[in-house]
Undergrad: 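Can you read through this structure? Questions will come right after.
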2 protein chains.
Amino acid sequence: METPPFTSKQTELACLAKALAHPARIAILEVLRQRQACYCGDIVEELPLAQATVSQHLKVLKDAGLIQGTIDPRRSCYCIDPEGWARAHQLLGDWWTDYEAPAGPRCCE
Amino acid sequence: METPPFTSKQTELACLAKALAHPARIAILEVLRQRQACYCGDIVEELPLAQATVSQHLKVLKDAGLIQGTIDPRRSCYCIDPEGWARAHQLLGDWWTDYEAPAGPRCCE
DNA sequence: AGTTTTTATCGTATATTTGCGATGGATATG
DNA sequence: CATATCCATCGCAAATATACGATAAAAACT
């Protein structure tokens, strides 16, 4: 598709948003935040999706740096990646708070 | 695709994230935050995209409630929707801060 | 060695997103 | 009235995303 030139910050933000842009992935992150031990199978049980699909969503989150998982082939254990999570949190937070309330009258009314 | 049952909050968050999941839309929001008068043509000039494409992205943002535009057919004027923006900001903020630092040792190490 | 359990990956089908040229409608301007 | 401007929308093509069954690999267990 050859995405044209955007700021790297704009691209980063969009990528982060894309990782969050599916209810299943939001749900997975919520599960990981509540539990301590997070085997893939446990997560599959919590979601109304097939194992292959969950595995795919986990990969998206991992590629986005939001979670980390051991490569133990017996039972894959996932958890929030603290560094990635903090980075994402700050990235988003900065962006939103860059803009403060419009206060005055809007331009198009 | 028949998306299976997720929380309405999870779905809302995912929808919001989807609206932000493209650098062009991030860029558009940034333009709208800086300028006062935001005619469609002005936005097109700022972006490396065709007018039709920009119009499409504007529609996505409008459907997400993040921006509003007058229907004046002469020159369409867009701006941030203060209510929608605040709602989105809070939705995201709440979700992120629901989870505080992991502190202790992680489960999968 | 065979079996079971767990999970990543492949292949495939379907749906959605993205981008853009072309079109049309509405309005101003000559 | 003819023409120019501005912009939403249509239609199409290409790229991605989503879902899942099937398969494979690795380890534990018999």
Side-chain angles (χ1 to χ4, degrees), chain A residues 1-6 10-11 14-28 31-32 35 37-64 66-79 107-108, chain B residues 1-6 10-11 14-28 31-32 35 37-64 66-79 107-108:
Chain A
M1 206 174 321
E2 177 100 33
T3 322
F6 288 107
Q10 289 169 341
T11 306
C15 285
L16 171 58
K18 195 177 288 189
L20 299 176
H22 195 290
R25 292 198 286 272
I26 298 285
I28 289 174
V31 170
L32 290 185
R35 300 193 167 215
C38 304
Y39 296 116
C40 177
D42 299 336
I43 302 169
V44 171
E45 279 179 11
E46 301 270 358
L47 300 185
L49 292 172
Q51 179 265 322
T53 308
V54 172
S55 225
Q56 213 165 241
H57 283 304
L58 284 168
K59 183 166 166 36
V60 173
L61 290 172
K62 197 172 178 183
D63 289 346
L66 288 170
I67 67 176
Q68 59 187 182
T70 60
I71 325 275
D72 177 1
R74 181 78 185 118
R75 313 188 77 194
S76 294
C77 182
Y78 287 95
C79 65
C107 64
C108 43
Chain B
M1 206 176 320
E2 177 99 34
T3 322
F6 288 107
Q10 289 169 342
T11 306
C15 284
L16 171 58
K18 194 178 289 190
L20 299 176
H22 196 290
R25 291 197 287 270
I26 298 285
I28 288 175
V31 170
L32 291 185
R35 301 193 167 215
C38 304
Y39 295 116
C40 178
D42 298 336
I43 302 170
V44 171
E45 278 180 11
E46 301 270 358
L47 299 186
L49 292 171
Q51 177 265 321
T53 307
V54 172
S55 226
Q56 214 165 241
H57 283 303
L58 285 168
K59 182 166 167 37
V60 173
L61 290 172
K62 197 172 178 184
D63 289 344
L66 288 169
I67 67 175
Q68 59 186 184
T70 59
I71 325 275
D72 177 0
R74 180 77 187 120
R75 314 188 76 193
S76 293
C77 182
Y78 287 95
C79 64
C107 64
C108 45

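Per chain, numbering begins at 1; letters A, B, ... match sequence-line order. Just so it is clear, the structure is predicted and the values come from calculations on it, not from any experiment.
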Undergrad: Does C:dA8 have its OP1 or OP2 closer than 4.0 Å to a side-chain nitrogen or oxygen of A:Y78?
TA: yes
Undergrad: Rounded to whole angstroms, how far apart are NZ on B:K62 and P on D:dT9?
TA: 8 Å
Undergrad: For C:dG19 and B:H57 - does any side-chain N or O of the residue sit under 4.0 Å from the phosphate oxygens OP1/OP2?
TA: yes
Undergrad: Please report, rounded to the nearest Å, how far the P atom of D:dC6 is from the CG atom of B:D42.
TA: 10 Å
Undergrad: Would you say B:S76 reaches D:dA8's phosphate, i.e. side-chain N/O to OP1/OP2 under 4.0 Å?
TA: yes
Undergrad: Side chain of A:R25: nearest nucleotide among D:dT18, C:dA8, D:dC7?
TA: D:dT18
Undergrad: B:S55 has a side chain; which of C:dG19, D:dT9, C:dT9 sits nearest to it?
TA: D:dT9
Undergrad: Heavy atoms from C-beta onward define the side chain here; which of D:dA17, C:dA8, C:dC20 lies closest to that of A:K18?
TA: D:dA17
Undergrad: Would you kindly give the NZ-to-P distance between A:K59 and D:dC20, to the nearest whole Å?
TA: 19 Å
Undergrad: Looking only at side-chain N and O atoms, does A:T53 come under 4.0 Å of OP1 or OP2 in D:dT18?
TA: no
Undergrad: Under a 4.5 Å cut-off applied to non-hydrogen side-chain atoms, are A:L49 and A:V44 in contact?
TA: no
Undergrad: If you look at every strand shown and take non-hydrogen atoms under 4.0 Å, does B:A52 touch a base, only sugar-phosphate, or nothing?
TA: base
Undergrad: Whole angstroms only, please: what is the OH-C1' distance between B:Y39 and C:dA26?
TA: 16 Å
Undergrad: Which whole-number value in Å describes the distance from B:L58 CG to C:dG19 P?
TA: 13 Å
Undergrad: Can you check the A:F6 CZ to C:dT18 C1' distance for me, whole Å?
TA: 11 Å
Undergrad: Among C:dT9, D:dA17, D:dA19, find the nucleotide with the atom closest to the side chain of A:Q56.
TA: D:dA19
Undergrad: Report the nucleotide, chosen from C:dG19, D:dC6, D:dT9, that has the shortest atom-to-atom distance to any side-chain atom of B:R75.
TA: D:dC6
Undergrad: Considering only D:dT18, C:dT7, C:dT18, which nucleotide approaches the side chain of B:H22 most closely?
TA: C:dT18
